[in-house]
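Read through the structure below, which is laid out as structure tokens, and then see the notes.
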There are 2 protein chains.
Amino acid sequence: MRPAEELRYLILAAQREGNRILARRLQPLGVTPSQAEVLRLLLDRGPLTLKGLGELLVCESGGSPSRLVDRLHAAGLVHREVPAHDRRQVTLTLTDAGRRVAEEVAGVEEDLHARIESAAQGRALDEATAFLRSFVAGLPSGDAVARRRGTASG
Amino acid sequence: MRPAEELRYLILAAQREGNRILARRLQPLGVTPSQAEVLRLLLDRGPLTLKGLGELLVCESGGSPSRLVDRLHAAGLVHREVPAHDRRQVTLTLTDAGRRVAEEVAGVEEDLHARIESAAQGRALDEATAFLRSFVAGLPSGDAVARRRGTASG
DNA sequence: AGACAATAATTGACATGACATCGATGTCGT
DNA sequence: ACGACATCGATGTCATGTCAATTATTGTCT
């Protein structure tokens, strides 16, 4: 098996398994991994428009995450408001319930990050990080990660 | 941003972008990345049952890939046969058309692998590979990669 | 003002993925 | 033989993801 091919499948496998682990841990909170990413972004970066949110999301890298936000709104976790100065945009905020869930999500993520670091077992993650940064540079979801690395939390 | 968190999102981003690149390149062939994985496995590893295929697939790591194969069968790329000795098992083979497409898929994958190696830029991929192997070890799709590494091609 | 391009979000269509459940079929113990 | 159990696939349901087309609204140019 060519090294690049194995790496490609390992990235696919890691994403799938990481997502499954996260999904199971998030299940008691009633949210999916994608929904959790939205909640965390709204918690850390205050009000966002759908477009602004889309530029920070790694999941749902393309178009606008309307349907993703729809479910969070239906669940009472996200508040939507149409500002008067531009009725094309939608301003998203966490409700009180949404903020509570978002904070629990942060705890769940801590566990997963600990598992990632334990899998590293002293190996330097810098090389892997640099490689992946290079691979996704200039692509939509790569830019999303870069934007989130740029500022405070996220 | 915590290193493990960035790495987590980079893996997600790399998987998404890699999949999009592959999907665009496969579009002229009329197959999706997941379908391409099935075709390649059938090309390299002769007849497979649905269960056997499922154990080698990294995508669709869970249950049985019935619906995935359904579309390939509907497209005339995969032949299904029910052996007499155990009518529970379905034997999958490539049709002639399926073999032609599978061979073209192999060429498309070469391009993507070249792009991966170019993103590596001399960086050692061994560390990244070892880290990801460790992370997915013992999990379904991690085992699938290991099984494929174990034998001849794939 | 009026035509027209640009922007933001929604929606439709299609294929995955994950999980649970169901039906058919073999196997095995008695 | 027969009934419990295991195995394999198929199917239902829900939530993503991706792309393209549509709608509503705003900015711009003449």
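So that the names make sense, note that chain A is the first sequence line, chain B the second, and so on, each numbered from 1.
A:M1 has its side chain within reach of A:Y9: a pair of non-hydrogen atoms, C-beta onward, lies under 4.5 Å apart. Side chains of B:L77 and B:L94 form no contact here, defined as non-hydrogen atoms less than 4.5 Å apart. Side-chain contact between B:R80 and B:D70: present, with at least one pair of heavy atoms (C-beta onward) separated by less than 4.5 Å. Using a 4.5 Å cut-off on side-chain heavy atoms (C-beta onward), B:P47 and B:L92 make no contact. The closest side-chain heavy-atom distance from A:L41 to A:R148 is below 4.5 Å. No side-chain heavy atom of A:V31 sits under 4.5 Å from any side-chain heavy atom of A:V38. Residues A:T32 and A:L26 fail the side-chain proximity criterion, which asks for heavy atoms closer than 4.5 Å.
In this view, B:S118 satisfies the side chain to side chain contact (heavy atoms under 4.5 Å, CB included) rule with no residue, not counting sequence neighbours. For B:S64, the side chain to side chain contact (heavy atoms under 4.5 Å, CB included) criterion is met by B:S66, not counting sequence neighbours.
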Donor-acceptor pairs are to be reported for all side-chain atoms of residues 126-133 of chain A against protein atoms at under 3.5 Å, with residues two or more places apart or in another chain.
residue, atom, partner, partner atom, Å
A:T129, OG1, A:L125, O, 2.8
A:R133, NE, B:E6, OE2, 2.7
A:R133, NH2, B:E6, OE1, 3.0
A:R133, NH2, B:E6, OE2, 3.0

For residues 10-18 of chain B, tabulate all N or O donor-acceptor pairs below 3.5 Å that involve a side-chain atom, not counting sequence neighbours.
residue, atom, partner, partner atom, Å
B:E17, OE2, A:S141, N, 2.9
B:E17, OE2, A:S141, OG, 2.5

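Using a 4.0 Å cutoff on non-hydrogen atoms, no part of residues 103-111 of chain B comes near DNA chain C. Proximity of residues 50-59 of chain B to DNA chain D (heavy atom under 4.0 angstrom from any strand atom) is restricted to B:L50, B:K51. Near DNA chain D, meaning a heavy atom under 4.0 Å away, there are no residues from residues 132-144 of chain A. Taking every heavy atom of residues 74-93 of chain B and every atom of DNA chain D, pairs under 4.0 Å involve B:R80, B:R88, B:Q89, B:V90, by number. A heavy atom lying under 4.0 Å from DNA chain C marks the following residues of residues 14-37 of chain B, by number: B:T32, B:S34, B:Q35.
Taking the charged nitrogens against the carboxylate oxygens, B:R147 and B:E55 have no contact shorter than 4.0 Å, which rules out a salt bridge. Using a 4.0 Å cut-off between charged nitrogen and carboxylate oxygen, B:D111 and B:R115 do not count as a salt-bridge pair. One finds no salt bridge joining A:E60 and A:R67 here, because no Lys/Arg side-chain nitrogen approaches an Asp/Glu carboxylate oxygen to under 4.0 Å.
At C:dA15, none of the side-chain N or O atoms of B:R67 fall inside 4.0 Å of OP1 or OP2 (strictly under the cut-off).
Sorted by first and then second residue, the side chain to side chain donor-acceptor pair (under 3.5 Å) pairs with a member in residues 18-31 of chain B read A:S61-B:R20; sequence neighbours excluded. Listed by first then second residue, pairs satisfying side chain to side chain donor-acceptor pair (under 3.5 Å) with a partner in residues 90-100 of chain B read B:D96-B:R99, not counting sequence neighbours.
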Kindly indicate, with the supporting measurements, whether the criterion salt bridge (Lys or Arg N to Asp or Glu O under 4.0 Å) is fulfilled by B:R123 and B:E117.
CA-CA 9 Å; B:R123 261 184 290 270; B:E117 279 163 7; over 6 Å; no
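Protein chain A contacts DNA chain D from D:dA15 to D:dT26, reading 5' to 3' and using non-hydrogen atoms of the protein with a distance under 4.0 Å.
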